[in-house]
Engineer: 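Quick one: the structure is below, questions incoming.
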Number of protein chains: 2
Amino acid sequence: MSAYTPSETSRRSGFSLDTLRYYERIGLLSEVDRTPGGQRVFSDHDLGWLGLLRCLRDTGMPINQMCRFAELARTGDDSIADRVELLRAHAEAVEEQMALLERQYGHLRDKIRYYESELAARS
Amino acid sequence: MSAYTPSETSRRSGFSLDTLRYYERIGLLSEVDRTPGGQRVFSDHDLGWLGLLRCLRDTGMPINQMCRFAELARTGDDSIADRVELLRAHAEAVEEQMALLERQYGHLRDKIRYYESELAARS
DNA sequence: GCTTGACCTGGAGCGCGCTCCAGGTGTCAG
DNA sequence: CTGACACCTGGAGCGCGCTCCAGGTCAAGC
């Protein structure tokens, strides 16, 4: 169980220092350990959790939904069923998002091809 | 060359009335035709352009980049090379976005599977 | 002990992309 | 002609997700 400074945690998680503090403030990150002097000390467990948060953020989950997830996680094992349900719903949303993205990416490629042919015709 | 009311244009494009007006205001949508009384009349050409805007928005292009694209489009055929370059750069960004999304979707599925096994073990 | 740089807090501010509002005008069916 | 409803303008406001700031404290190397 290693200990990490705030800046190292920032580097490893990809969240800025301000964002880490913000996440703690809004309850996304619960009660990080402190030195006697009050500076934060992050654990491997915190880093793991941050990794999950990053995954959720990158897949577009809004903050308030992540807060609900965090809240469930704090209530212990009894909430696992609820958590898995939340994640499944999110996974479905992500699937739709990917489908839309791919469809629009196709249109984008079509448009590029069209412009390229215009370009060729003009030269 | 059909004509469309604002509300019909909204319905067809998926942009709200306010958004259509906003887009015109910031130059994303240039000089929409008007009735003698001053109400907007959208053309097939406008709808086509809105379709492109939708494609760009759905793939995450920021507004200011779309404005630059619109500006190029207004300058005529000479800007086609610049436009295609802009679109190609964007397409690359979209590819990265899709790759990240798929990677994180994988992690999400892993997490769900992990929770499910926890759930099974507890029952 | 002193310096330096990382870190602390509470709170204000920001950039984005709309969205809403008030107060007025246009259009069209009956 | 009238009523009802769609639409107009300029400008303010909002929700999100951070980000920045001032003014101070802590920790570690010399």
Side-chain angles (χ1 to χ4, degrees), chain A residues 3-43 46-47 49-50 52-71 90 93 97 100 104, chain B residues 3-43 46-47 49-50 52-71 90 93 97 100 104:
Chain A
Y4 307 92
T5 65
S7 59
E8 199 173 351
T9 307
S10 168
R11 205 179 44 71
R12 284 179 186 248
S13 68
F15 292 114
S16 76
L17 290 174
D18 269 319
T19 299
L20 290 174
R21 288 193 274 258
Y22 168 66
Y23 279 6
E24 188 177 357
R25 205 147 59 190
I26 64 175
L28 258 187
L29 203 55
S30 51
E31 291 300 293
V32 176
D33 283 350
R34 304 293 182 120
T35 63
Q39 320 232 156
R40 288 177 183 77
V41 180
F42 293 87
S43 65
D46 291 326
L47 262 117
W49 177 252
L50 284 169
L52 179 51
L53 293 185
R54 171 128 308 274
C55 166
L56 298 177
R57 280 303 291 137
D58 283 350
T59 50
M61 181 181 283
I63 293 278
N64 61 64
Q65 217 170 119
M66 284 170 44
C67 284
R68 232 192 95 219
F69 184 75
E71 206 178 327
H90 179 58
Q97 196 191 151
L100 173 62
Q104 297 292 37
Chain B
Y4 308 93
T5 64
S7 58
E8 200 174 349
T9 308
S10 168
R11 207 179 43 72
R12 284 178 187 247
S13 67
F15 292 114
S16 76
L17 290 173
D18 269 319
T19 298
L20 291 173
R21 288 194 275 259
Y22 168 66
Y23 279 5
E24 188 177 358
R25 203 146 62 191
I26 64 174
L28 258 188
L29 203 54
S30 51
E31 292 302 292
V32 177
D33 283 350
R34 303 294 182 120
T35 63
Q39 319 233 157
R40 288 178 183 78
V41 180
F42 293 87
S43 65
D46 291 327
L47 262 115
W49 178 252
L50 285 169
L52 179 50
L53 293 185
R54 168 121 324 265
C55 165
L56 297 178
R57 281 303 292 137
D58 283 351
T59 51
M61 182 182 282
I63 292 278
N64 62 64
Q65 220 170 118
M66 286 171 42
C67 284
R68 231 190 93 223
F69 184 75
E71 206 177 328
H90 179 58
Q97 198 191 150
L100 173 63
Q104 297 291 38

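First the proteins, then the strands, lettered A, B, ... as listed; each starts at 1. Please read all numbers here as calculations on a predicted model, not as lab measurements.
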Engineer: Check whether any side-chain heavy atom of L20(B) sits under 4.5 Å from a side-chain heavy atom of L50(B), and report yes or no.
Structural biologist: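 SC-SC contact between L20(B) and L50(B) confirmed.
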Engineer: Mind checking if R21(A) touches a base, just sugar-phosphate, or nothing, with heavy atoms under 4.0 Å?
Structural biologist: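 Base contact.
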Engineer: Return the set of residues passing side chain to side chain contact (heavy atoms under 4.5 Å, CB included) with S16(B) (not counting sequence neighbours), or none when no residue passes.
Structural biologist: D18(B), T19(B)
Engineer: If you look only at distance, which donor and acceptor atoms sit under 3.5 Å apart when one is on a side chain in residues 22-32 of chain A and the other is two or more places apart or in another chain?
Structural biologist:
unit_1	atom_1	unit_2	atom_2	d
E24(A)	OE1	R40(A)	NE	2.4
E24(A)	OE1	R40(A)	NH2	3.3
E24(A)	OE2	V32(A)	N	3.4

Engineer: Which residue lies toward the 5' end of DNA chain D, R40(B) or G60(A), if each is placed at its nearest nucleotide?
Structural biologist: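 Whichever sits nearer the 5' end wins; that is R40(B).
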Engineer: Could you provide the dot-bracket string of DNA chain D, using ( ) for intrastrand pairs, [ ] for crossing pairs and | for bases paired to another strand, with Watson-Crick or G-U pairs below 3.5 Å?
Structural biologist: ||||||||||||||||||||||||||||||
Engineer: Please step through side-chain contact (heavy atoms from CB on, under 4.5 Å) for the pair L52(A) and F69(A), ending with a clear verdict.
Structural biologist: CA-CA 11 Å; L52(A) 179 51; F69(A) 184 75; 3.6 Å; yes
Engineer: Mapping R25(A) and N64(B) to their closest nucleotides on DNA chain C, which lands nearer the 5' end?
Structural biologist: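 Closest to the 5' end, via its nearest nucleotide, is R25(A).
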Engineer: Sequence neighbours left out, what passes side-chain hydrogen bond (donor to acceptor under 3.5 Å, both in side chains) with T35(A)? Give chain and number order.
Structural biologist: none
Engineer: Drop me the distance from D33(A)'s CG to D46(A)'s CG, to the nearest 0.5 angstrom.
Structural biologist: 7.0 Å
Engineer: Can you tell me how far apart CZ (F42(B)) and OG (S10(B)) are? Round to the nearest 0.5 Å.
Structural biologist: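 Rounded to the nearest 0.5 Å, the CZ-OG separation comes to 9.0 Å.
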Engineer: Would you please name every residue forming a salt bridge (Lys or Arg N to Asp or Glu O under 4.0 Å) with R12(A), sequence neighbours left out?
Structural biologist: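 Only E8(A) meet the salt bridge (Lys or Arg N to Asp or Glu O under 4.0 Å) criterion with R12(A).
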Engineer: First and last nucleotide of DNA chain C touching chain A, 5' to 3', heavy-atom cut-off 4.0 Å?
Structural biologist: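 Footprint of chain A along DNA chain C, 5' to 3': dC7(C) to dG11(C).
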Engineer: Please list each protein N or O that sits under 3.5 Å from an N or O in nucleotides 27-30 of chain D, with the distance.
Structural biologist:
unit_1	atom_1	unit_2	atom_2	d
dA27(D)	OP1	T35(A)	OG1	3.0

Engineer: Heavy atoms only, 4.0 Å cut-off, all strands: where does Y23(A) land among base, sugar-phosphate and nothing?
Structural biologist: sugar-phosphate
Engineer: Go through the structure and list residues passing ring-ring contact (aromatic ring centres under 6.0 Å, His included) with Y4(B), not counting sequence neighbours.
Structural biologist: none
Engineer: Mind running a 4.0 Å heavy-atom check of residues 5-14 of chain B against DNA chain D and sending the residues that fall below it, in number order?
Structural biologist: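 T5(B), P6(B), S7(B), in order of number.
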Engineer: May I have the list of side-chain donor-acceptor pairs in residues 57-66 of chain B shorter than 3.5 Å, sequence neighbours left out?
Structural biologist:
unit_1	atom_1	unit_2	atom_2	d
R57(B)	NH1	M61(B)	O	2.8
D58(B)	OD1	R54(B)	NH1	3.1
D58(B)	OD2	Q104(A)	NE2	2.8
T59(B)	OG1	C55(B)	O	2.8
T59(B)	OG1	L56(B)	O	2.9
T59(B)	OG1	H90(B)	NE2	2.8

